[in-house]
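Everything numeric here is computed off the predicted structure, so don't read it as measured data. Residue numbers begin at 1 in each chain, while the letters A, B, ... track the order of the sequences.
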Protein chains: 2
Amino acid sequence: MSTINDRSAYIEETGLLFETFGMTRMAGRILGYLMVTDKEMVSFDELTQVLQASKSSISTNVKAMTQTKFIKPVTIPGDRKTYYMLSDDISWVELFHQRTEQLKYLKALYKKGLNLRSNKKDKSSVWLENAIEFYDWIIEEFPEVLKKWDLYKKNK
Amino acid sequence: MSTINDRSAYIEETGLLFETFGMTRMAGRILGYLMVTDKEMVSFDELTQVLQASKSSISTNVKAMTQTKFIKPVTIPGDRKTYYMLSDDISWVELFHQRTEQLKYLKALYKKGLNLRSNKKDKSSVWLENAIEFYDWIIEEFPEVLKKWDLYKKNK
DNA sequence: TATTAAGTTCTGCAATAAAAGAACTAAAAA
DNA sequence: TTTTTAGTTCTTTTATTGCAGAACTTAATA
């Protein structure tokens with residue numbers, strides 16, 4: 001049986017973990033709360049209450065979390081409030097595709113570095129060549145693996 | 001033909017990119033310089049000169065970059081100085097394995113969240129189930145893909 | 001048309017983190 | 001053995017970031 005305390009500890013834990021991913025503690029807390037609350041969706045105001053945070057902080061952080069696609073806003077006709085819930089149309093595959101995009105930046109950096117070198121055959125150039133080779137491979141391979149997930153899901 | 005300016009712009013660019021990965025600008029600059037300098041290895045002192053930074057900043061940041069395995073220190077008998085170079089024994093595969101470890105933390109968080117829920121069948125629980133399922137799959141699949149890289153390299 | 005409600009955006013402050021500077025350590029050289 | 005060199009560690013300064021509070025916007029209600 002889970003207690004209120006277990007849950008608030010969980011919310012803080014989520015805050016700290018998401019902080020390591022470069023998001024704010026508060027953004028993580030919002031997600032954490034949505035993961036353990038029994039309500040399917042919670043209002044903006046409830047977030048300020050439960051997380052003891054200002055409206056401005058909740059505002060900026062729900063926006064950030066919405067952009068990552070982890071949560072989504074829900075509006076109800078005849079109700080002015082905005083509610084938030086775990087985004088059921090989150091695509092985990094899509095999230096990983098974004099990672100691949102990051103890898104492309106790194107690869108581009110290595111390529112650019114190599115181009116700036118005078119001697120394309122020295123040790124550092126070889127180092128860069130190897131980096132580029134690996135990134136080329138992984139950038140191609142990653143999406144293939146993710147395709148397998150879609151197949152795996154279809155056959156269930 | 002690459003100019004001095006192209007290279008210093010590159011060093012700054014590397015600093016900024018590595019900043020987005022949660023490292024310091026200076027750590028990125030050190031790597032950036034090693035990627036474009038014509039020297040195979042550079043001394044600690046040269047780093048302070050070229051990057052216009054204090055010894056303490058260089059000291060902490062070469063340590064950080066060494067820990068990520070991107071660079072390594074080189075010492076020469078009869079020479080008191082420490083030199084740094086791109087680490088030729090960097091394992092790109094190993095770097096990606098570390099990513100997989102991070103995924104395990106996230107998966108553990110989702111599992112813990114699910115355990116804290118009263119109703120294991122509601123929408124949020126299903127969301128968590130899906131997250132866990134995907135992470136389970138990717139945590140298994142990732143290392144397999146990386147094994148393929150080792151094979152690919154051997155057959156060349 | 002004035003008032004309330006629900007958020008957003010802007011400004012300022014407090015906490016944190018990065019970098020500098022100073023004091024220190026270890027080893028080599030004088 | 002004392003001085004210099006090379007770098008580390010501790011302390012202070014500076015810059016950045018996250019959050020709060022206030023002012024503002026938009027739309028609904030009185």
Side-chain angles (χ1 to χ4, degrees), chain A residues 8 11-34 39 41-68 70-85, chain B residues 8 11-34 39 41-68 70-85:
Chain A
S8 51
I11 291 164
E12 291 310 305
E13 194 183 337
T14 309
L16 292 172
L17 187 63
F18 275 74
E19 205 167 32
T20 70
F21 301 151
M23 307 205 63
T24 67
R25 229 171 259 199
M26 195 62 75
R29 285 195 189 113
I30 291 168
L31 183 66
Y33 180 58
L34 288 174
K39 293 166 186 155
M41 52 181 75
V42 302
S43 70
F44 182 96
D45 186 61
E46 181 175 346
L47 289 173
T48 66
Q49 300 284 310
V50 173
L51 305 179
Q52 291 289 357
S54 66
K55 291 205 292 173
S56 64
S57 180
I58 296 299
S59 179
T60 50
N61 284 297
V62 289
K63 189 185 280 177
M65 259 302 161
T66 300
Q67 272 162 356
T68 66
F70 275 91
I71 70 174
K72 70 170 182 189
V74 178
T75 51
I76 298 167
D79 185 345
R80 298 208 232 169
K81 293 184 183 171
T82 310
Y83 298 84
Y84 291 92
M85 65 181 295
Chain B
S8 51
I11 291 164
E12 291 310 305
E13 193 182 337
T14 309
L16 291 173
L17 187 63
F18 274 74
E19 204 169 31
T20 71
F21 301 151
M23 306 205 66
T24 67
R25 228 169 259 199
M26 196 61 75
R29 286 197 189 109
I30 291 168
L31 182 66
Y33 181 57
L34 288 174
K39 292 165 186 157
M41 52 183 73
V42 302
S43 71
F44 182 97
D45 187 59
E46 181 175 346
L47 289 174
T48 67
Q49 300 285 310
V50 173
L51 305 179
Q52 291 289 358
S54 66
K55 291 205 293 173
S56 63
S57 180
I58 296 299
S59 178
T60 50
N61 284 297
V62 290
K63 188 185 281 176
M65 259 302 163
T66 301
Q67 274 161 355
T68 65
F70 275 90
I71 71 174
K72 70 171 183 190
V74 178
T75 52
I76 298 166
D79 185 344
R80 299 210 232 166
K81 292 184 183 171
T82 310
Y83 298 83
Y84 292 91
M85 65 183 296

5' priority, DNA chain C, between A/Val62 and A/Arg25 [closest heavy atom]: A/Val62
Under a 4.5 Å cut-off applied to non-hydrogen side-chain atoms, are A/Tyr84 and A/Met65 in contact? no
On DNA chain D, check which nucleotide each of A/Met23 and A/Gly78 is closest to and give me the residue with the more 5' one. A/Met23
DNA chain C: A/Asp79 or B/Gly22, which has the more 5' nearest nucleotide? A/Asp79
Of the listed nucleotides C/dA20, D/dA20, D/dA6, the one nearest the side chain of B/Lys55: D/dA6
Contact check, side chains of B/Met85 and B/Ile71, non-hydrogen atoms, under 4.5 Å: no
For B/Arg80 and D/dT3, what is the distance between atoms CZ and P respectively, to the nearest whole Å? 15 Å
Which of C/dA19, D/dT8, D/dC19 is nearest the side chain of B/Ser59? It is D/dT8
Short side-chain N/O contact from A/Ser54 to OP1 or OP2 of D/dC19, under 4.0 Å: no
B/Glu19 CD to D/dT17 C1', in whole Å, measures 12 Å
note: A/Gln49, atom CD; D/dA20, atom P; distance rounded to Å ~ 13 Å
In terms of heavy-atom contacts, B/Gly28 and B/Thr14 come closest through O-CG2, 3.2 Å
Among C/dG21, C/dT9, D/dT8, which nucleotide sits nearest the side chain of B/Phe44? D/dT8
Can you give me the closest heavy-atom contact between A/Tyr83 and A/Met41, atom names plus distance? CB-SD, 3.9 Å
What's the shortest heavy-atom distance between B/Ser57 and B/Met26, and which atoms? OG-CG, 3.6 Å
Donor/acceptor link under 3.5 angstrom from B/Thr82 side chain onto base of D/dG7: no
To the nearest Å, give me how far apart NZ (A/Lys81) and P (C/dA5) are. 10 Å
Under 4.0 Å between a side-chain N/O of B/Thr24 and OP1 or OP2 of C/dA18, yes or no? no
Distance in angstrom units between B/Ile76 CD1 and D/dA6 P, rounded: 13 Å
Provide, to the nearest angstrom, the distance between the CE atom belonging to B/Met26 and the P atom belonging to C/dA17. 18 Å
Taking atom types as they are modelled, is there a donor-acceptor pair under 3.5 Å from the base of C/dA20 to the side chain of B/Ser57? no
Length of the CD1-P vector between B/Ile30 and C/dA19, whole Å: 9 Å
Rounded distance (Å) that lies between atom P of D/dA6 and atom CD of B/Glu46: 14 Å
For B/Asn61 and C/dA18, is the shortest distance between a side-chain N/O and OP1 or OP2 below 4.0 Å? no
